[in-house]
There are 2 protein chains.
Amino acid sequence: MGQRRTEVLHAAIELLDEVGLDALTMRLLASRLGVRASALYRHYPSKQALLDAMVAHLVGTGELPEAEWDELLRGAASGLRSVMLAHRDGARLIAGFHDPGPDAVAAFERLITALTEAGVPAAAVAVDTVMAYANGFTVEEQARKTRWPREGRDRAFDDGLALIIAGIRASMV
Amino acid sequence: MGQRRTEVLHAAIELLDEVGLDALTMRLLASRLGVRASALYRHYPSKQALLDAMVAHLVGTGELPEAEWDELLRGAASGLRSVMLAHRDGARLIAGFHDPGPDAVAAFERLITALTEAGVPAAAVAVDTVMAYANGFTVEEQARKTRWPREGRDRAFDDGLALIIAGIRASMV
DNA sequence: ACCTGAACACCGTTCAAGT
DNA sequence: ACCTGAACACCGTTCAAGT
(Lines give C-alpha, C1' and ligand atoms only; values in the text may rest on other atoms or scores of the structure.)
Protein backbone atom coordinates (compact mmCIF):
# COMPACT_ATOMS: atom_id res chain seq x y z
CA MET A 1 0.00 0.00 0.00
CA GLY A 2 1.57 3.21 1.12
CA GLN A 3 4.83 1.45 1.78
CA ARG A 4 6.87 3.16 -0.87
CA ARG A 5 5.80 6.31 0.95
CA THR A 6 7.62 5.09 4.07
CA GLU A 7 10.71 4.19 2.07
CA VAL A 8 10.77 7.74 0.76
CA LEU A 9 10.43 9.09 4.29
CA HIS A 10 13.27 6.97 5.62
CA ALA A 11 15.52 7.82 2.70
CA ALA A 12 14.82 11.50 3.33
CA ILE A 13 15.91 11.22 6.96
CA GLU A 14 19.05 9.32 5.99
CA LEU A 15 19.85 11.95 3.39
CA LEU A 16 19.25 14.74 5.91
CA ASP A 17 21.92 13.29 8.18
CA GLU A 18 24.28 12.91 5.25
CA VAL A 19 23.99 16.28 3.54
CA GLY A 20 22.04 18.62 5.83
CA LEU A 21 18.78 20.47 5.42
CA ASP A 22 19.93 22.96 2.79
CA ALA A 23 21.22 20.27 0.46
CA LEU A 24 18.17 18.04 0.97
CA THR A 25 16.70 18.36 -2.49
CA MET A 26 13.81 16.57 -4.12
CA ARG A 27 16.09 15.85 -7.06
CA LEU A 28 18.92 14.47 -4.92
CA LEU A 29 16.52 12.41 -2.82
CA ALA A 30 14.96 11.00 -5.96
CA SER A 31 18.36 10.03 -7.35
CA ARG A 32 19.14 8.16 -4.13
CA LEU A 33 15.97 6.16 -4.69
CA GLY A 34 16.86 5.51 -8.34
CA VAL A 35 13.98 7.60 -9.56
CA ARG A 36 13.20 11.03 -11.03
CA ALA A 37 12.12 13.92 -8.82
CA SER A 38 8.68 14.03 -10.35
CA ALA A 39 8.00 10.51 -9.09
CA LEU A 40 8.20 11.74 -5.46
CA TYR A 41 5.07 13.80 -5.96
CA ARG A 42 3.08 10.58 -6.13
CA HIS A 43 3.92 10.01 -2.45
CA TYR A 44 4.07 13.54 -1.03
CA PRO A 45 2.22 16.48 -2.55
CA SER A 46 5.09 18.89 -1.89
CA LYS A 47 8.51 19.13 -0.34
CA GLN A 48 6.97 20.88 2.66
CA ALA A 49 4.61 17.93 3.20
CA LEU A 50 7.61 15.62 3.20
CA LEU A 51 9.42 17.81 5.74
CA ASP A 52 6.31 17.83 7.93
CA ALA A 53 6.17 14.03 7.77
CA MET A 54 9.83 13.87 8.76
CA VAL A 55 9.18 16.06 11.79
CA ALA A 56 6.18 13.99 12.83
CA HIS A 57 8.19 10.78 12.49
CA LEU A 58 11.17 12.09 14.45
CA VAL A 59 9.21 13.63 17.28
CA GLY A 60 6.95 10.64 17.67
CA THR A 61 5.02 10.68 20.92
CA GLY A 62 6.10 8.57 23.86
CA GLU A 63 4.39 7.40 27.01
CA LEU A 64 4.46 9.61 30.07
CA PRO A 65 6.51 7.82 32.76
CA GLU A 66 5.55 7.64 36.44
CA ALA A 67 7.62 10.36 38.08
CA GLU A 68 7.58 13.55 40.12
CA TRP A 69 6.40 16.66 38.27
CA ASP A 70 9.90 18.11 38.04
CA GLU A 71 11.27 14.87 36.60
CA LEU A 72 8.42 14.83 34.08
CA LEU A 73 9.32 18.32 32.98
CA ARG A 74 13.03 17.56 32.78
CA GLY A 75 12.26 14.47 30.73
CA ALA A 76 10.11 16.36 28.25
CA ALA A 77 12.72 19.07 27.77
CA SER A 78 15.69 16.72 27.42
CA GLY A 79 13.66 14.45 25.19
CA LEU A 80 12.96 17.30 22.79
CA ARG A 81 16.60 18.33 22.83
CA SER A 82 17.77 14.75 22.26
CA VAL A 83 15.63 14.22 19.21
CA MET A 84 16.83 17.52 17.76
CA LEU A 85 20.49 16.74 18.37
CA ALA A 86 20.09 13.23 16.98
CA HIS A 87 19.86 14.53 13.41
CA ARG A 88 21.82 17.02 11.35
CA ASP A 89 19.98 20.36 11.40
CA GLY A 90 17.38 18.67 13.58
CA ALA A 91 16.69 21.80 15.61
CA ARG A 92 16.07 23.94 12.54
CA LEU A 93 13.91 21.24 11.00
CA ILE A 94 11.79 20.64 14.09
CA ALA A 95 11.60 24.08 15.68
CA GLY A 96 10.95 25.52 12.26
CA PHE A 97 7.66 25.96 10.57
CA HIS A 98 4.75 23.92 11.70
CA ASP A 99 1.65 24.18 13.71
CA PRO A 100 2.26 21.47 16.25
CA GLY A 101 0.16 18.63 14.86
CA PRO A 102 -2.52 16.78 16.85
CA ASP A 103 -0.17 14.19 18.40
CA ALA A 104 2.14 16.84 19.78
CA VAL A 105 -0.82 18.79 21.10
CA ALA A 106 -2.15 15.68 22.84
CA ALA A 107 1.24 14.98 24.42
CA PHE A 108 1.33 18.54 25.67
CA GLU A 109 -2.13 18.22 27.17
CA ARG A 110 -1.22 15.01 28.98
CA LEU A 111 1.86 16.63 30.44
CA ILE A 112 -0.11 19.67 31.59
CA THR A 113 -2.74 17.44 33.17
CA ALA A 114 -0.11 15.42 34.99
CA LEU A 115 1.51 18.57 36.38
CA THR A 116 -1.80 20.01 37.44
CA GLU A 117 -2.62 16.81 39.30
CA ALA A 118 0.77 17.03 40.97
CA GLY A 119 -0.22 20.43 42.31
CA VAL A 120 1.65 22.71 39.92
CA PRO A 121 -0.32 25.95 39.50
CA ALA A 122 -0.40 27.43 35.97
CA ALA A 123 0.91 24.15 34.62
CA ALA A 124 0.39 25.34 31.03
CA VAL A 125 2.71 28.29 31.58
CA ALA A 126 5.29 25.98 33.13
CA VAL A 127 5.20 23.56 30.20
CA ASP A 128 5.27 26.32 27.57
CA THR A 129 8.19 28.02 29.27
CA VAL A 130 10.27 24.88 29.57
CA MET A 131 9.57 23.89 25.96
CA ALA A 132 10.35 27.36 24.63
CA TYR A 133 13.62 27.22 26.56
CA ALA A 134 14.52 23.79 25.18
CA ASN A 135 13.73 24.97 21.66
CA GLY A 136 15.69 28.19 21.95
CA PHE A 137 18.67 26.57 23.64
CA THR A 138 18.97 23.76 21.13
CA VAL A 139 18.43 25.88 18.02
CA GLU A 140 21.27 28.11 19.10
CA GLU A 141 23.39 25.17 20.20
CA GLN A 142 23.13 23.44 16.85
CA ALA A 143 23.46 26.63 14.78
CA ARG A 144 26.71 27.68 16.40
CA LYS A 145 29.79 26.87 14.34
CA THR A 146 32.26 26.83 17.21
CA ARG A 147 31.14 23.85 19.23
CA TRP A 148 32.31 23.04 22.72
CA PRO A 149 32.21 19.46 24.02
CA ARG A 150 28.88 17.74 24.57
CA GLU A 151 29.41 17.37 28.29
CA GLY A 152 29.59 21.11 28.88
CA ARG A 153 26.58 21.78 26.67
CA ASP A 154 24.57 19.22 28.61
CA ARG A 155 25.52 20.89 31.87
CA ALA A 156 24.62 24.34 30.57
CA PHE A 157 21.25 23.02 29.43
CA ASP A 158 20.56 21.35 32.79
CA ASP A 159 21.58 24.47 34.70
CA GLY A 160 19.09 26.63 32.84
CA LEU A 161 16.41 24.00 33.22
CA ALA A 162 17.07 23.86 36.95
CA LEU A 163 16.59 27.62 37.16
CA ILE A 164 13.16 27.41 35.53
CA ILE A 165 12.11 24.48 37.69
CA ALA A 166 13.19 26.40 40.79
CA GLY A 167 10.93 29.21 39.61
CA ILE A 168 8.01 26.83 39.25
CA ARG A 169 8.69 25.37 42.65
CA ALA A 170 8.75 28.88 44.13
CA SER A 171 5.26 29.43 42.70
CA MET A 172 3.96 26.37 44.56
CA VAL A 173 4.44 27.47 48.15
CA MET B 1 31.94 55.56 -0.31
CA GLY B 2 30.10 52.51 0.91
CA GLN B 3 26.81 54.34 0.79
CA ARG B 4 25.27 52.33 -1.99
CA ARG B 5 26.01 49.39 0.31
CA THR B 6 23.69 50.93 2.91
CA GLU B 7 20.98 51.57 0.33
CA VAL B 8 21.11 47.90 -0.57
CA LEU B 9 20.83 46.95 3.10
CA HIS B 10 17.82 49.18 3.68
CA ALA B 11 16.10 48.00 0.52
CA ALA B 12 16.64 44.41 1.65
CA ILE B 13 14.95 45.07 4.99
CA GLU B 14 12.04 46.82 3.29
CA LEU B 15 11.68 43.93 0.90
CA LEU B 16 11.80 41.44 3.77
CA ASP B 17 8.80 43.09 5.36
CA GLU B 18 6.99 43.14 2.05
CA VAL B 19 7.52 39.60 0.79
CA GLY B 20 9.00 37.55 3.63
CA LEU B 21 12.28 35.70 4.00
CA ASP B 22 11.57 32.92 1.51
CA ALA B 23 10.73 35.34 -1.30
CA LEU B 24 13.67 37.62 -0.53
CA THR B 25 15.71 36.94 -3.61
CA MET B 26 18.86 38.56 -4.91
CA ARG B 27 17.12 38.94 -8.25
CA LEU B 28 14.00 40.53 -6.80
CA LEU B 29 16.01 42.82 -4.55
CA ALA B 30 18.11 43.91 -7.52
CA SER B 31 15.01 44.68 -9.57
CA ARG B 32 13.71 46.89 -6.74
CA LEU B 33 16.95 48.84 -6.98
CA GLY B 34 16.72 49.08 -10.76
CA VAL B 35 19.73 46.88 -11.22
CA ARG B 36 20.71 43.32 -12.17
CA ALA B 37 21.36 40.69 -9.51
CA SER B 38 25.01 40.45 -10.42
CA ALA B 39 25.49 44.10 -9.43
CA LEU B 40 24.68 43.26 -5.79
CA TYR B 41 27.83 41.18 -5.50
CA ARG B 42 29.86 44.39 -5.70
CA HIS B 43 28.38 45.34 -2.30
CA TYR B 44 27.97 42.01 -0.55
CA PRO B 45 30.01 38.94 -1.39
CA SER B 46 27.06 36.60 -0.97
CA LYS B 47 23.41 36.48 -0.01
CA GLN B 48 24.41 35.08 3.37
CA ALA B 49 26.66 38.10 3.99
CA LEU B 50 23.71 40.37 3.22
CA LEU B 51 21.48 38.45 5.63
CA ASP B 52 24.16 38.70 8.32
CA ALA B 53 24.38 42.45 7.78
CA MET B 54 20.59 42.69 8.09
CA VAL B 55 20.69 40.85 11.42
CA ALA B 56 23.49 43.05 12.73
CA HIS B 57 21.61 46.18 11.69
CA LEU B 58 18.31 45.06 13.23
CA VAL B 59 19.72 43.85 16.51
CA GLY B 60 21.93 46.90 16.95
CA THR B 61 23.26 47.25 20.47
CA GLY B 62 21.70 49.65 22.93
CA GLU B 63 22.88 51.17 26.16
CA LEU B 64 22.25 49.32 29.39
CA PRO B 65 19.79 51.38 31.48
CA GLU B 66 20.08 51.98 35.20
CA ALA B 67 17.73 49.45 36.76
CA GLU B 68 17.40 46.51 39.10
CA TRP B 69 18.85 43.23 37.87
CA ASP B 70 15.44 41.72 37.19
CA GLU B 71 14.37 44.76 35.18
CA LEU B 72 17.61 44.55 33.20
CA LEU B 73 16.87 40.94 32.37
CA ARG B 74 13.26 41.64 31.45
CA GLY B 75 14.39 44.49 29.22
CA ALA B 76 16.93 42.35 27.38
CA ALA B 77 14.41 39.59 26.78
CA SER B 78 11.57 41.85 25.65
CA GLY B 79 13.98 43.88 23.54
CA LEU B 80 15.06 40.79 21.65
CA ARG B 81 11.46 39.73 21.17
CA SER B 82 10.44 43.20 20.00
CA VAL B 83 13.07 43.43 17.34
CA MET B 84 12.11 39.98 16.09
CA LEU B 85 8.41 40.79 15.96
CA ALA B 86 9.07 44.14 14.27
CA HIS B 87 9.90 42.44 10.96
CA ARG B 88 8.30 39.74 8.91
CA ASP B 89 10.07 36.44 9.63
CA GLY B 90 12.28 38.37 12.04
CA ALA B 91 12.58 35.49 14.48
CA ARG B 92 13.68 33.03 11.80
CA LEU B 93 16.11 35.57 10.38
CA ILE B 94 17.68 36.52 13.70
CA ALA B 95 17.55 33.29 15.68
CA GLY B 96 18.74 31.44 12.60
CA PHE B 97 22.25 30.86 11.58
CA HIS B 98 24.97 33.05 12.97
CA ASP B 99 27.67 33.07 15.50
CA PRO B 100 26.66 36.04 17.59
CA GLY B 101 29.01 38.73 16.22
CA PRO B 102 31.33 40.81 18.44
CA ASP B 103 28.77 43.54 19.26
CA ALA B 104 26.22 41.03 20.51
CA VAL B 105 28.89 39.25 22.53
CA ALA B 106 29.94 42.55 24.12
CA ALA B 107 26.34 43.41 25.02
CA PHE B 108 26.00 39.98 26.62
CA GLU B 109 29.16 40.51 28.64
CA ARG B 110 27.98 43.89 29.89
CA LEU B 111 24.67 42.41 30.98
CA ILE B 112 26.37 39.54 32.77
CA THR B 113 28.72 41.95 34.52
CA ALA B 114 25.83 44.13 35.65
CA LEU B 115 23.97 41.14 37.06
CA THR B 116 27.04 39.87 38.83
CA GLU B 117 27.54 43.26 40.45
CA ALA B 118 23.91 43.20 41.50
CA GLY B 119 24.63 39.99 43.38
CA VAL B 120 23.18 37.41 40.99
CA PRO B 121 25.13 34.17 41.27
CA ALA B 122 25.82 32.31 38.00
CA ALA B 123 24.80 35.41 36.07
CA ALA B 124 25.93 33.83 32.79
CA VAL B 125 23.51 30.94 33.26
CA ALA B 126 20.73 33.38 34.06
CA VAL B 127 21.34 35.46 30.91
CA ASP B 128 21.71 32.43 28.66
CA THR B 129 18.52 30.90 30.01
CA VAL B 130 16.45 34.04 29.59
CA MET B 131 17.77 34.63 26.08
CA ALA B 132 17.19 31.02 25.02
CA TYR B 133 13.65 31.34 26.33
CA ALA B 134 13.03 34.59 24.44
CA ASN B 135 14.41 33.04 21.26
CA GLY B 136 12.39 29.86 21.56
CA PHE B 137 9.19 31.62 22.52
CA THR B 138 9.35 34.12 19.69
CA VAL B 139 10.40 31.69 16.98
CA GLU B 140 7.39 29.57 17.81
CA GLU B 141 5.13 32.59 18.18
CA GLN B 142 6.00 33.93 14.75
CA ALA B 143 5.99 30.53 13.03
CA ARG B 144 2.50 29.65 14.18
CA LYS B 145 -0.17 30.19 11.54
CA THR B 146 -3.11 30.57 13.91
CA ARG B 147 -2.32 33.78 15.74
CA TRP B 148 -4.08 34.96 18.88
CA PRO B 149 -4.13 38.63 19.76
CA ARG B 150 -0.93 40.43 20.66
CA GLU B 151 -2.09 41.22 24.17
CA GLY B 152 -2.42 37.57 25.15
CA ARG B 153 0.91 36.67 23.58
CA ASP B 154 2.61 39.43 25.55
CA ARG B 155 1.08 38.15 28.74
CA ALA B 156 2.15 34.58 28.02
CA PHE B 157 5.68 35.78 27.34
CA ASP B 158 5.80 37.80 30.56
CA ASP B 159 4.42 34.92 32.61
CA GLY B 160 7.18 32.59 31.46
CA LEU B 161 9.78 35.27 32.00
CA ALA B 162 8.48 35.82 35.53
CA LEU B 163 8.89 32.11 36.23
CA ILE B 164 12.55 32.16 35.20
CA ILE B 165 13.23 35.33 37.18
CA ALA B 166 11.62 33.76 40.23
CA GLY B 167 14.02 30.85 39.78
CA ILE B 168 16.99 33.19 39.66
CA ARG B 169 15.75 35.02 42.73
CA ALA B 170 15.38 31.71 44.55
CA SER B 171 19.06 31.02 43.80
CA MET B 172 20.05 34.30 45.50
CA VAL B 173 18.96 33.63 49.08
C1' DA C 1 0.48 1.79 -8.59
C1' DC C 2 4.47 3.86 -9.86
C1' DC C 3 7.49 6.01 -12.97
C1' DT C 4 9.56 8.87 -17.16
C1' DG C 5 10.40 12.98 -20.13
C1' DA C 6 9.98 17.32 -20.96
C1' DA C 7 8.91 21.55 -19.76
C1' DC C 8 7.99 26.05 -16.82
C1' DA C 9 9.41 29.53 -14.05
C1' DC C 10 12.62 30.24 -11.21
C1' DC C 11 17.41 30.30 -8.05
C1' DG C 12 22.71 32.08 -6.35
C1' DT C 13 26.92 33.11 -8.31
C1' DT C 14 30.86 34.19 -11.65
C1' DC C 15 33.12 36.84 -14.95
C1' DA C 16 34.39 39.43 -18.85
C1' DA C 17 33.15 43.73 -20.51
C1' DG C 18 31.31 48.26 -20.47
C1' DT C 19 30.77 53.57 -18.48
C1' DA D 1 32.96 52.90 -8.62
C1' DC D 2 29.22 50.63 -10.31
C1' DC D 3 26.73 48.15 -13.63
C1' DT D 4 25.37 44.81 -17.79
C1' DG D 5 24.99 40.40 -20.38
C1' DA D 6 25.53 36.00 -20.65
C1' DA D 7 26.32 31.96 -18.82
C1' DC D 8 26.68 27.79 -15.27
C1' DA D 9 24.76 24.66 -12.45
C1' DC D 10 21.11 24.24 -10.15
C1' DC D 11 15.86 24.49 -7.85
C1' DG D 12 10.33 22.87 -6.92
C1' DT D 13 6.52 21.55 -9.45
C1' DT D 14 3.21 20.07 -13.25
C1' DC D 15 1.53 17.05 -16.58
C1' DA D 16 0.91 14.03 -20.34
C1' DA D 17 2.39 9.59 -21.28
C1' DG D 18 4.14 5.08 -20.41
C1' DT D 19 4.30 0.02 -17.79
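To find a chain, count down the sequence lines: A is the first, B the second, and so on, and within it residues start at 1. Here the structure is a predicted model, which is why all the values come from computation and not from measurement.
- Taking atom CZ of residue A/Arg4 and atom C1' of nucleotide C/dC3, one finds them 10 Å apart after rounding to whole Å.
- Separating the CD atom of B/Glu7 from the C1' atom of D/dC3 is a distance of 14 Å, rounded to the nearest angstrom.
- Cluster annotation: A/Leu80 and B/Val139 are assigned to distinct hydrophobic clusters (Ile/Leu/Val/Met/Phe/Trp/Tyr, side-chain heavy-atom contacts under 4.5 Å, transitive).
- Every pair tested for side chain to side chain donor-acceptor pair (under 3.5 Å) that includes a residue from residues 111-130 of chain B fails, sequence neighbours excluded, so the list is empty.
- A/Arg32 meets the salt bridge (charged side-chain N to carboxylate O under 4.0 Å, His left out) test with A/Glu18; sequence neighbours excluded.
- Listed by chain and number, the residues in a side-chain hydrogen bond (donor to acceptor under 3.5 Å, both in side chains) with A/Glu71 are A/Arg74 (sequence neighbours excluded).
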Could you list the donor-acceptor pairs under 3.5 angstrom formed by side chains in residues 61-69 of chain A, with sequence neighbours left out?
none

N/O contacts under 3.5 Å, protein versus nucleotides 11-17 of chain D?
residue	atom	partner	partner atom	Å
D/dG12	OP1	A/Met26	N	3.3
D/dG12	OP1	A/Lys47	NZ	3.0
D/dG12	OP2	A/Met26	N	3.2
D/dG12	N7	A/Arg27	NH1	2.5
D/dG12	O6	A/Arg27	NH1	3.1
D/dT13	OP2	A/Tyr41	OH	2.7
D/dT13	OP2	A/Lys47	N	2.8
D/dT13	O5'	A/Tyr41	OH	3.4

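- The CG atom of B/Leu29 sits 17 Å away from the P atom of C/dC10 (whole-angstrom rounding).
- Of the charged side-chain nitrogens involved, at least one lies within less than 4.0 Å of a carboxylate oxygen, so that B/Arg144 and B/Glu140 count as a salt-bridged pair.
- For the salt bridge (charged side-chain N to carboxylate O under 4.0 Å, His left out) test, no residue two or more places apart in sequence or in another chain qualifies with B/Arg110.
- Secondary-structure stems of DNA chain D, taken as three or more successive Watson-Crick or G-U wobble pairs (i with j, i+1 with j-1) under a 3.5 Å distance threshold, comprise C:4-8 with D:12-16, C:12-16 with D:4-8.
- The side-chain hydrogen bond (donor to acceptor under 3.5 Å, both in side chains) search around A/Glu14 returns none, not counting sequence neighbours.
- Taking atom OH of residue B/Tyr44 and atom C1' of nucleotide D/dC2, one finds them 15 Å apart after rounding to whole Å.
- Comparing C/dT4, D/dT4, D/dC3 by their nearest atom to the side chain of B/Arg36 picks out D/dT4.
- Note on B/His43: a side-chain N or O is less than 4.0 Å away from OP1 or OP2 of D/dC3.
- Take B/Glu141 and apply the salt bridge (charged side-chain N to carboxylate O under 4.0 Å, His left out) test, not counting sequence neighbours, and it matches B/Arg81, B/Arg153.
- Straight-line distance between the C1' atoms of D/dC2 and C/dA17: roughly 13 Å, to the nearest whole Å.
- Using P as the reference atom, D/dA9 and C/dA9 are 23 Å apart when rounded to the nearest Å.
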